[in-house]
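I have placed the structure first, in the form of C-alpha cells, so that the comments after it can refer back to it.
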Amino acid sequence: MPREADAESNNDTSKVNPSPSPSPPPPPLPPRRKLSSEGPIQVATARPTPTTAVTPIDISTLSFPDGSRGTFSTNAAQGVSTPAASGYATPVRDPIGAGDFSDSMSVMSLAPTLPPPGDLASLVAGDLTRKSRAWNLLRSQAETAEPFESIELGAPGELAGFEREFDEIPDDASDDTRLAIWKSKMKHYMILSSAGKPIYSRHGDLSLVNGYMGVVQTIISFYEGANNPLLGFTAGNARFVIAIKGPLYFVAVSKLGESDTQIRSQLEALYMQILSTLTLPTLKNIFVNRPSTDLRKPLEGTESLLSSLADSFTKGSPSTLLSGLECLRLRKSHRHALNNIFLKNRSEKLLYGLIVAGGKLVSVIRPRKHSLHPSDLQLIFNMLFESGGIKSGGGESWIPLCLPAFNNSGYLYMYVSFFDGEPAEGPSAEGDQQRPVSPGNDGDGDGDGDGDDRNEDEDEDEIAIILISPDKESFYDLKEMRDKLASQLTKTGHLALIRAAARHGRPQVQAIAPGAQISHFLYKSRANVQFCMSALASPPPSHHHHHHPPDHTPPAATATAAAAAADQLLTRRRLMSLYHELHATMHAKHAHLRVLHAAGADAASLAWITPVAELYCVAGPHVSRAAMAQGAARVAQWARREEERLFIIGGGVF
Amino acid sequence: MADSGNAPKPSSSVKLVLLGEAAVGKSSLVLRFVNNDFQENKEPTIGAAFLTQKCNLPTRTIKFEIWDTAGQERFASLAPMYYRNAQAALVVYDLTKPTSLIKAKHWVAELQRQASPGIVISLVGNKLDLTNDGAGDGGGEEGAAEDSGDARKVTTEEAKTYAEDEGLLFFETSAKTGYNVTEVFTAIANSIPETSLKTARGPNASHAPSRTEEQRVNLNGPRDSGAKDSCAC
C-alpha cells in the first residue's frame, strides 16, 4: 500500500546515510543543526548503555553457571571495539550501576568486521560459533529460558517504577510529593511556544511544570539567539532532546535509553498531531499575528490525542520505531476480494478508504496518484484505537482532520464507523446469499497452524471502516457507501474472516519456525514500509511472580490482574528497549552494519538488515549465536514466503 | 431497532443537533439518551458524532438522527453543516459555569438567524448532580435559586426567563444520574409540529441519499408506510 519510498527515507535515510557532519563530541555548545541531519552526536550521546562485556557479576546472576561466557567475553572485547571505530563512542551513562537489565546487553559480535558482508551465514559458520563443551551442556537446558527471565522485577533497574509511569499525578498531594512523582516519571514530553507559553505537558498540570517550561525556554532561546540551535543534552540519567518547529519547541526527557533520532521522531509525531488539528498555515498565522498566543485554546481537545501518542511511545511502539505500519494477516485472495468489494462500492467523493482491525490495516483503496503515508496513518490509528474519544462516543463520526504528510495546508473529512463487537454475523455469513469466501481460493495452502496469542493489550477485534474525502458535505455519501460495504462484507463472509483473523492475533514464533529458539521478532519490509511481529507472548503464568523481589513480595495468590498487567507492560517495555537499542545501533551514522548480535545477562538479540528487509529478534540469554541466526533465517524465509499475506502490496487503486 | 411490528405507528425521522461549549456534557446527554450509560472523564468529541435513537410517543414514533458536535471553538465553522435542515436543537450549558450560558445564547441567536425557521430549540442546563438540588429527586426545576454552597453558578430563574423570552424549551438535567434526560427528548419530540414532520422529508432527502430507498417508498404515503420506515434501519 504505502509504497512510497520517500516516507521511509524521511525517517530512515537520515539515519542510514552518512551525512557530512561528523561533529566532535559535545562541547559546551551543541553542533549546528543541519536540515536533515540528526548528527552523529546525539546518536552517540543517547546511546543506551551497552555495557561492554559480561562481567563476573553478570555471570553470577545467571541461573546457569555459564562456562562458555568467558570465551564469549573475549570475543566481545574485539567486537566492542567496532562501534567506537564506527563513530559512535558509547559513553557509559549509568549512574545506577550494573543492576540495570534491559539495557545492559553486551555487544558480543559485530558482523561488519567480518570481511565480505557475510550476513547471517557468517554467524552460523566459522570460528565464532565454536562452542565449548560446557556451552553445549548448557544448551540442552537453556532452550526454555525466556528473555528477561533472570531479571528480578523489584530490582532497582532502569525500569523500576515503570508500572506507575502512566498514573496521574494526584491533585490533592502536597507540592513536594507531586513534584517528586513528576520527577520520577521516565518520560516527559513538553510543548511550548517560542515565547515561552506552555502548550502541553504529558505529566503534571501547568502550575507544576510552568517553572520548568520557563527554564527550558530560556535554555533553548539562548542557543537560538546564538544561531546554534540546541538539539539535546544529558543530565544525570535523563536525556533531553529538543525539536524546534517554527514557533513551537518540543522537548522530550527520556530515561529509557532511546537514541536522539528515535526520540526526535516521536517529537515529530507530536508535531504532526498538532498540524493535523490546526494545519500549518493556521499555525503560522496564529503566531505571525500574535507571537504570544496561548495555543492551548485552539488545540483544546487535542491533549488526549497527544497523550495517547506519547504513551504509546513510552510503552514502546514498534510502528514508530520502524516507521511502518502493521497489517492484518490475510490470504492474498481474501485481501484481493476485499479490495474489490471496497472498490465496487466506492463513492465518487472518496479519497481514501481503509478497513482497520485493532490497529492493523486490513484493506486500503486509494487514487492511483496518491498513497497514504505511515505517519498520517499513525495519527488516524492513534485517534481511533489508542485514544477513547471516537470509540467511546458510539455511533458514526465525522471528523475534520489534516493529514500533514498528505497535505499540511488543508483539512480532509474522515467518516469513521466501528462494527459492533458481537460476532453475530457468523450464521448469516454461512447461509444466505453468496457463499462464504473460504473455499477454492488460491492454492497457497493453509500451512499456518499458528498457535494464537489471545489478545494482547489492544482490542484486536475492533473493526473500523474509515472513509476520507476532501468534501466536507459528503458525510451522507460516505455513510451510504459504508452501509453498502458493511452489508456486503457481512453477506460474503468477509467480515467474519476479518474478525477471525483479528482474533487470531499475531503468530507465535513456534508456529512460524517450530523449534527455533527465538522468542520474539520484528520484521520490516522496507519496500512496503510495513512490518509484522510475533505475538508479545506473555510468559506462562508461573513466571509472573516467580522472581524473588527483595522489597515487595506479593504472595502468589495476589498476583492479581493488575500485577499481570504491570508485568506485561514491563515486559513489553524491556523488549522494546532492546529493539530500540538494536535499531539505533544498526542505523547509527557510519555504522553500515548488516548484522548485529548482542548478548546480555537477560537476553540475546540479533538484528539483520538487507536491502529489502529489517529483522530484529530476541531470545533468551543462553541462546547461541548460531541458533539465533538459524532462527532468524527461518523467520525471514517465512516472511518472504508470506509476504503477500503479511503486507498490503499496492492496495486497491482507482 | 424494529419493534414496530406489532404497533404500526407512523414513524418519522427528526434531525437534531446538539450545540454548546466544550465540556458541558453534550455527548454525555446523548450517551445517556441512546445507551442509558454514563462515562466519567469522557474524552472530548472530535468533529461530530452521528447517532440515532427512537422515541416512542403515544401516537407516533420519532426517530432522532442526532448530530453530537464538538464544542471546541475550532469546530464552530462546521456547525452550519449540522444545523442546516435540523428540526430540533439542544443547546447545552453547564450549570456550574456561567460562561457556558453566554455561549449557549450565542448558539441560540445563530440558530434563530440561520437555521430552518421552524426549528425547535431546547435550552438544557446540564450537571445538575453537582448542585444541591441535583441527584435527581425531582425538585430540580423550580425554586433552585435558594440553594447555598453548591457548585451551581447559573440560577434556574435566569436561564428559564431567558428561555421563555426566546421561546425555547427549558430543562435542567444530569447526564450522570439520568435525571430529566429522556424528558428533554420526549418534549422535543412532542413539540415537533406534525406538518414539519411531513415537510421535513423534502429537505432531508436531498441531503441524505443514504435514505433514498426508504424515501421513495414513503413519498406518497408517509403515514401508512411509517412502519416500513422504521424497519429498514
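Since the structure is predicted, the reported quantities are computational estimates derived from the model, not experimental observations. Heavy-atom basis, side chains included; hydrogens, waters and symmetry copies ignored. Order of the sequence lines sets the chain letters (A, B, ...), proteins ahead of strands, with each chain counted from 1.
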Please name all residues satisfying side chain to side chain donor-acceptor pair (under 3.5 Å) with A:Ser409, sequence neighbours left out, ordered by chain then number. A:Asn407

A:Thr282 portion near chain B, given a 4.5 angstrom heavy-atom threshold: neither

From B:Thr45 OG1 over to A:Ile390 CD1, what is the distance, rounded to the nearest 0.5 angstrom? 8.0 Å

Which heavy atom in B:Leu78 sits nearest to a heavy atom in A:Pro400, and how many Å separate them? CD1-CG, 3.3 Å

Select one option (side chain, backbone, both, neither) describing which atoms of A:Thr277 are under 4.5 Å from chain B's heavy atoms. both

Can you give me the closest heavy-atom contact between B:Glu43 and A:Ser387, atom names plus distance? OE1-OG, 3.2 Å

Would you check, one step at a time, whether the test side chain to side chain contact (heavy atoms under 4.5 Å, CB included) holds for A:Thr302 with B:Ile46? CA-CA 9 Å; A:Thr302 308; B:Ile46 309 170; over 6 Å; no

Distance (rounded to the nearest 0.5 Å) between B:Leu51 CG and A:Ser397 OG: 8.0 Å

When rounded to the nearest 0.5 angstrom, what distance separates OH in A:Tyr415 from CZ in B:Phe50? 8.5 Å

With a 4.5 Å cut-off on heavy-atom pairs, point out which of A:Leu278, A:Ile399, A:Val416, A:Leu401 contacts chain B the most. A:Ile399

Residue-level contacts of residues 288-300 of chain A with chain B, using a heavy-atom cutoff under 4.5 Å: A:Pro298, A:Leu299, A:Glu300

Pick one of side chain, backbone, both or neither for A:Met383, based on which atoms fall under 4.5 Å of a heavy atom in chain B. side chain

Can you tell me which residue pairs pass the salt bridge (charged side-chain N to carboxylate O under 4.0 Å, His left out) test with a partner in residues 394-419 of chain A, sequence neighbours excluded? A:Glu396-A:Lys479

Got B:Tyr82 and A:Phe475 here, is their nearest side-chain heavy-atom distance under 4.5 Å? no

Just list the side-chain donor-acceptor pairs under 3.5 Å for residues 92-102 of chain B, sequence neighbours left out, or say none.
residue, atom, partner, partner atom, Å
B:Asp94, OD1, B:Thr96, N, 2.8
B:Asp94, OD1, B:Thr96, OG1, 2.8
B:Asp94, OD2, B:Thr96, OG1, 3.2
B:Asp94, OD2, B:Lys127, NZ, 3.2
B:Lys97, NZ, B:Glu21, OE1, 2.7
B:Ser100, OG, B:Asp94, N, 2.8
B:Ser100, OG, B:Asp94, O, 3.2
B:Ser100, OG, B:Lys97, O, 2.6

